[in-house]
Amino acid sequence: MPSRRHFLAGSAAAAGLGLAALPQLTPPARATAAAAGDAAGPQAPPNIVVVLADDLGYGDLGAYGQKLISTPRIDRLAAEGLRFTDAYSAAAVCAPSRAALLTGLHTGHAAVRANPSSGGQGSLGAGDTTFAEVLRARGYRTGLFGKWGFGPETGDQPSHPGARGFEEFYGYIDHTHAHEYYPAYLWHNNAKETVPTGTFAPDAIAARALDFIDARAAGTDPFLLFLAPNLPHAPSDIPDTGAYASQSWTQENKAHAAQISLLDAQVGAVVDRLKARGVAERTVVLVASDNGPHEEGGVNPDLFDANGPLRGYKRNLYEGGVRVPLIAWSPGRIAPGTTSARPTPLYDLLPTLADLAGGAPAPSDIDGLSAAPVLNGTPALAPVHNHLYWYRDEQGVTSRANAQDGGRATRVAEAVRKDQWKAVRFAPARDRTAPDAQWRFELYNLTTDLAEKYDVAAANPSVVTSLTALLRSSWADTYVRRPWGLTGVTDATAGTLTTTISNGTGRPWPDVRVTLPLPAGWTATPADADSAASLAPGEALTTTWRVTPPAPTPAPALLTAQATTSSGLRFTAPTRYAPLPAPPARDSYLSDLPWVSAANGWGPVEIDRSNGKQPAGDGTPIAFGGVTYAKGLGVHAPSEIVYHLGGRGNRFTTLVGIDDFSKKQSAAGATRATVRGDGRVLATTGILTGASGPTALDVDVRGIRLLQLVVEDANANSAFDHTSWALARVTVV
């Protein structure tokens, strides 16, 4: 394979047409049928490749007018396929943009509406259906390689890519970690993998993406590859600057240009691998960016004219911050040289991919509309948005973006496009509920003023009024989703697993059947119906399964419920089932017993340690008033730990309170501890503080099946609420 230097050694100027030279719509004749060697043909569900660049501006590609940076491979895709002139990211920064792209919701409804800040990194939850989950239900094999950027940096949790539809994942979970081009580790599925010192992450990520193509191209199922490199996000790190080394630019600008050319080379390598594996003719490739060009780390976007004819940069809601390149390529499906001026936000991706996949079950409560007819050569059939909406709540500030906003970069801002009109407005501060009269409202006519130079709000009061109403109606404080797909919930205390298959689409699902395959020795009996002749939109089928594990008590198992329809949809719901551990056979400290469940307000429950750090067992032993206790549990309110006594217990004794370590951090901690047995309160403390010292409990637990230790915040301030159960011990009958 050619080296990176070879890719970067191409011509430093790539030919391309500016926006003004583009027709509004150029739909040439449909492409010819797929090559004779392509047995599947264009009518079969195609493989899909989505490449999402990080901070690539509208004018950063030759196909969109770039003159200084060489992007020959992406430019060729544009020449051989379809180029959107009016494609939009869903936000002006990456986290909300990517959340919207994945889930089909604009930033007035999406689960993540701002970049990580003091409030922490946003997460996707179990109800945030992604396009990967939708395509999995249609039989696609799915892989994500690169930047994720949501949820806690741990595996096996609802915001992990694996829980959101991606069978294979390699890259960054954490948003900030993705700013490291030479990381110490990357994630592979649910585990961290140490990478050799000096590994340039974009190379390692691209190599895994090519491996995914190799592994899936020979299979019978179609595949979805989501390649999300961190190129060309700051910092401008790259092993060499290639063709740009001799330029008179700063080192940061040379490296930034080299990053874009490397992105171009990686797209070319993907296309080459598709061709080499004989699947290019039945694959749709989409290339886009998550927002406008950045100016971070010393990069000068004006040197490259990175926003083309548009106003604004990353963080701005003007066109330069949110209008992005979008190129679609698929030989035999998309005719060469096609352009489209359809306003197409990237939250259209989910319904578009669902349609391309041949009726994959897209949720009905999304904001996106399918652009598949545009890709299939019938653009007149594509639905068009009534309006597009953007929201901005960003605490980061860069000089050019702040200047474009008139010094309002840290204010809440909104924008809407309807027909030729584009409105951008700024709240008086960080409060989007401020009265409309307090907002700074700007109005532009994109047909006559693409660069948004002339604010015509004063001359068009009726337009201002109507667009203000649209801005208000596009926002929901909480956007309640319709349930979609198959879920599983275990209750080991009841010995059950409850499955629910929910039709969150707009079409009925015929002949729905739910099954629960089990490991050897396990049995499960449905207590409710496990099939339905049809599920109408909005309907659900819930089945409770009585689960019996083999004896002796086995380790926790992953039980994967399955649901199918006669229309070819397939859903799975992997659910970890932990059978009740055996009750204690002798007097025992609870820290030596397995628990049924443990929920903790911050990090894991700490066994025999109590210093408030995240990893369990990493601190000093529990101490109250200078007295050390070797056995116990450290928790942070709110918390609940459940143990199985099975009626074998006699007495439960403990010292519970805010320990010396936490007391030294601050005197602000205040909690209340409760002991419950089978849900009934057996004992409770008063308010526990560092000054009050611990409370001794001696509780009768005879006949109790499940023992629950609960700690709650007692002063409406969960800071410094680390609490210890010292010498927590149960004696048996």
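- No side-chain heavy atom of L706 sits less than 4.5 Å from a side-chain heavy atom of Y643.
- You'll find the side chain of E712 stays beyond 4.5 Å of the side chain of P638, heavy atoms only.
- Between D367 and H109, the side chains place a donor N or O and an acceptor N or O closer than 3.5 Å (distance only, hydrogens not considered).
- Scored by the side chain to side chain contact (heavy atoms under 4.5 Å, CB included) test, T689 finds A670, I687, A691, S692 as partners (sequence neighbours excluded).
- We find the CZ-CZ distance between F226 and F131 to be 4.5 Å, quoted to the nearest 0.5 Å.
- In the model, T654 has no side-chain atom that pairs as donor or acceptor with a side-chain atom of R729 under 3.5 Å.
- Residues in residues 97-117 take part in these salt bridge (charged side-chain N to carboxylate O under 4.0 Å, His left out) pairs, two or more places apart or across chains: D54-R98, R98-D290.
- Looking at heavy atoms from C-beta onward, V134 lies in side-chain contact with T129 at the 4.5 angstrom threshold.
- Sorted by first and then second residue, the pairs that involve residues 683-710 and meet salt bridge (charged side-chain N to carboxylate O under 4.0 Å, His left out), not counting sequence neighbours, are R651-D698, D700-R702.
- For the 3.5 Å distance criterion, the side chains of S662 and D659 qualify, holding a donor opposite an acceptor.
- Between the side chains of E414 and Y389, at least one donor-acceptor pair of N or O atoms lies under 3.5 Å.
- A salt bridge does not link D365 with R482: none of the charged nitrogens is closer than 4.0 Å to a carboxylate oxygen.
- Of the residues L350, N503, L105, T505, the one that meets the side-chain contact (heavy atoms from CB on, under 4.5 Å) test with P363 is L350.
- For F166 and H160, the ring centers sit 6.0 Å or farther from each other.
- Within a 6.0 Å sphere centred on CZ of R430, other residues, nucleotides and ligands contribute more than 12 heavy atoms.
- Qualifying side chain to side chain contact (heavy atoms under 4.5 Å, CB included) partners for A563, counting only residues two or more places apart in sequence or in other chains: L486, I501, V514, F571.
- In this structure the side chain of R648 never reaches within 4.5 angstrom of the side chain of V733, judged on heavy atoms.
- Counting only N and O atoms by type, the side chains of Q665 and H722 include no donor and acceptor under 3.5 Å apart.
- Legend: residues meeting ring-ring contact (aromatic ring centres under 6.0 Å, His included) with Y391, ordered by chain and number and at least two apart, are W475.
- Legend: residues meeting ring-ring contact (aromatic ring centres under 6.0 Å, His included) with W390, ordered by chain and number and at least two apart, are Y88.
- To the nearest 0.5 Å, atom OG1 of residue T142 and atom CD of residue E168 are 9.0 Å apart.
- For the pair T653/L727, no side-chain contact is recorded, criterion being any heavy-atom separation below 4.5 Å from C-beta on.
- The side-chain contact (heavy atoms from CB on, under 4.5 Å) with L102 is formed by just one residue from the set D128, V112, L124; it is L124.
- D393 places no side-chain N or O within 3.5 Å of a backbone atom of A114 that could act as its donor or acceptor partner.
- Cation-pi contact between K147 and Y172: absent, since separation from the ring centre below 6.0 Å together with deviation from the ring axis within 45° is not met.
- Note on R136 versus E167: salt bridge recorded, some NZ/NE/NH1/NH2 to OD/OE distance being below 4.0 Å.
- Side-chain N/O atoms of T544 and T496 include no donor and acceptor closer than 3.5 Å.
- Of the N and O atoms on the side chains of E133 and W484, not one donor lies less than 3.5 Å from an acceptor on the other residue.
- With sequence neighbours left out, the side chain to side chain contact (heavy atoms under 4.5 Å, CB included) criterion links A726 to I622, F624, Y629, L655.
- Taking the ring-ring contact (aromatic ring centres under 6.0 Å, His included) definition, one finds that H175 meets it with H179, sequence neighbours left out.
- Sorted pairs that involve residues 534-550 and meet salt bridge (charged side-chain N to carboxylate O under 4.0 Å, His left out), not counting sequence neighbours, are lacking altogether.
- W187 has its side chain within reach of F169: a pair of non-hydrogen atoms, C-beta onward, lies under 4.5 Å apart.
- No side-chain heavy atom of R609 sits under 4.5 Å from any side-chain heavy atom of I607.
- Listed by first and then second residue, the salt bridge (charged side-chain N to carboxylate O under 4.0 Å, His left out) pairs that reach into residues 661-678 come to none, sequence neighbours excluded.
- No side-chain donor-acceptor contact under 3.5 Å links T525 and W545.
- Between A492 and Y577, the shortest heavy-atom distance links the atoms CA-OH, 4.0 Å.
- Between V675 and L709, the closest side-chain pair of non-hydrogen atoms falls below 4.5 Å.
- In this structure T560 satisfies the side chain to side chain contact (heavy atoms under 4.5 Å, CB included) test together with L558, T572, P574, sequence neighbours excluded.
- Note that CG of D587 and CG of N650 are 8.5 Å apart. Values are rounded to the nearest 0.5 Å.
- A donor atom on one side chain and an acceptor atom on the other are not found under 3.5 Å apart for T575 and T490.
- Applying the ring-ring contact (aromatic ring centres under 6.0 Å, His included) criterion to Y140, with sequence neighbours excluded, gives no partner residue.
- Using modelled atom types and a 3.5 Å distance limit, the side chains of T695 and T685 yield no donor-acceptor pair.
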